[in-house]
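The block underneath contains the structure these notes are about, expressed in structure tokens.
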Amino acid sequence: MMLARVLRRVGNALHSVGSDVRNTLVTHSVQVSEKPTPRWAPGAALHTAFEIASREFAGIARKGGDIPYLSHLLAVSALVIEHGGTEEQAAAGLLHDVLEDSNVNVEMLVAELVAGGVSTESAHFIAKIVEGTSDGKPGGERSSATWKLRKSDYHASLAAKPASDPSLLVSLADKVHNIESTLVQVRAGETLNEIYRHFNFGPDGQRWNYEELQKCFATHAKANPQLQRLVTRFERAVREVFAA
């Protein structure tokens, strides 16, 4: 107990010196000794969502490379968790593309979540969030011919949601990870024409899409402060990508 108090005092003193000492062994020891309690612990919803996502996207890579698509789903779920999301929203983050890009429909998704130990109420809630993040109708044509109409419909659906809609955080996390992934490529020296040659629309269309999304999310963040930090990240990434 005496050692813990000493470490805590030393850690607090170092913290006040500046960010260059925040990751020292002493401050790390203090952080470990304090062991804050998480908002929630993973349960059936997150476990079952991971199993579904792992299965449905097992053979799919991200566009333009060989990175397993699961990396995107995990990143979106992590952003949701890090920005105040619930376990149900985190599960929806793992599943946000499943209705668009697999043969799983809403009824199947609910049934599988329930079979995994999720309550019927939570399973329907998660499925509703996933529906709310979906771009276009499940099974609908997804091509360059339908791209701009699908995006326009998606922008309109986002704008029409109440700021408290739980799907907004998941949608925002999805778009943040997408644009930040592009930003990594830009910073590595790739041009937008090179990056977007694998997509249904090139740089001009992508810029239009992201700027419209930015307007929707920024408007909702005024009424829902939970979104603001991610909106700021989104805005900065969009600005840097399309300034390239």
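Quick note: residue numbers are just sequence positions, from 1.
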Can you check whether [X] reaches [Y] side chain to side chain, under 4.5 Å on heavy atoms?
{"X": "Y210", "Y": "F234", "result": "yes"}
{"X": "K161", "Y": "L168", "result": "yes"}
{"X": "R55", "Y": "E112", "result": "yes"}
{"X": "F50", "Y": "L73", "result": "no"}
{"X": "P166", "Y": "F125", "result": "yes"}
{"X": "E180", "Y": "R233", "result": "yes"}
{"X": "F242", "Y": "Q206", "result": "yes"}
{"X": "I52", "Y": "L95", "result": "yes"}

Checking [Y] against [X]: is there a side-chain donor and acceptor pair closer than 3.5 Å?
{"X": "T232", "Y": "Q228", "value": "yes"}
{"X": "S167", "Y": "D165", "value": "yes"}
{"X": "S181", "Y": "R62", "value": "yes"}
{"X": "Y154", "Y": "S171", "value": "yes"}

Q: Please list, chain by chain and in numerical order, all residues satisfying salt bridge (charged side-chain N to carboxylate O under 4.0 Å, His left out) with E87, sequence neighbours excluded.
A: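 Not a single residue meets the salt bridge (charged side-chain N to carboxylate O under 4.0 Å, His left out) criterion with E87.
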Spell out, as yes or no, whether a donor-acceptor pair under 3.5 Å connects the side chain of [X] to the backbone of [Y].
{"X": "S71", "Y": "I67", "result": "no"}
{"X": "N224", "Y": "S164", "result": "no"}
{"X": "W40", "Y": "G85", "result": "yes"}
{"X": "Q89", "Y": "I81", "result": "no"}
{"X": "H220", "Y": "K215", "result": "no"}
{"X": "S122", "Y": "S119", "result": "no"}
{"X": "R197", "Y": "E194", "result": "yes"}
{"X": "D97", "Y": "E100", "result": "no"}
{"X": "S54", "Y": "E51", "result": "no"}

Q) Below 4.0 angstrom, N of the basic side chain to O of the carboxylate: do E131 and K128 qualify? A)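 No, E131 and K128 are not salt-bridged.
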Q. After noting the C-alpha distance and the side-chain angles of Y69 and D101, does the key distance pass the side chain to side chain donor-acceptor pair (under 3.5 Å) rule?
A. CA-CA 11 Å; Y69 197 79; D101 298 326; 4.5 Å; no
Rounded to the nearest 0.5 Å, what separation is found between the [atom1] atom of [X] and the [atom2] atom of [Y]?
{"X": "L169", "Y": "I129", "atom1": "CG", "atom2": "CD1", "value": "9.0 Å"}
{"X": "L109", "Y": "I126", "atom1": "CG", "atom2": "CD1", "value": "8.0 Å"}
{"X": "T86", "Y": "R39", "atom1": "OG1", "atom2": "CZ", "value": "9.0 Å"}
{"X": "L46", "Y": "S77", "atom1": "CG", "atom2": "OG", "value": "5.5 Å"}
{"X": "T182", "Y": "I179", "atom1": "OG1", "atom2": "CD1", "value": "5.0 Å"}

**Q.** side-chain hydrogen bond (donor to acceptor under 3.5 Å, both in side chains) partner of N209, the single match among K175, H155, R150, Q214
**A.**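 For N209, the side-chain hydrogen bond (donor to acceptor under 3.5 Å, both in side chains) check succeeds only for H155.
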Q. Is the count of non-hydrogen atoms from other residues, nucleotides or ligands lying under 6.0 Å from D204 atom CG greater than 12?
A.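 No - once you tally the heavy atoms of other residues, nucleotides and ligands closer than 6.0 Å, there are 12 at most.
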**Q.** Flag if over 12 foreign heavy atoms under 6.0 Å of CD1, I60
**A.**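 Enclosed.
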Q) For the rings on H177 and H96, is their centre-to-centre separation under 6.0 Å? A)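 Between H177 and H96, the centre distance exceeds or equals 6.0 Å.
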Q. With a distance cut-off below 6.0 Å to the six-membered ring centre and an angular limit of 45° from the axis, does K151 pair with W208 as a cation-pi contact?
A.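 No, a cation-pi geometry is absent between K151 and W208.
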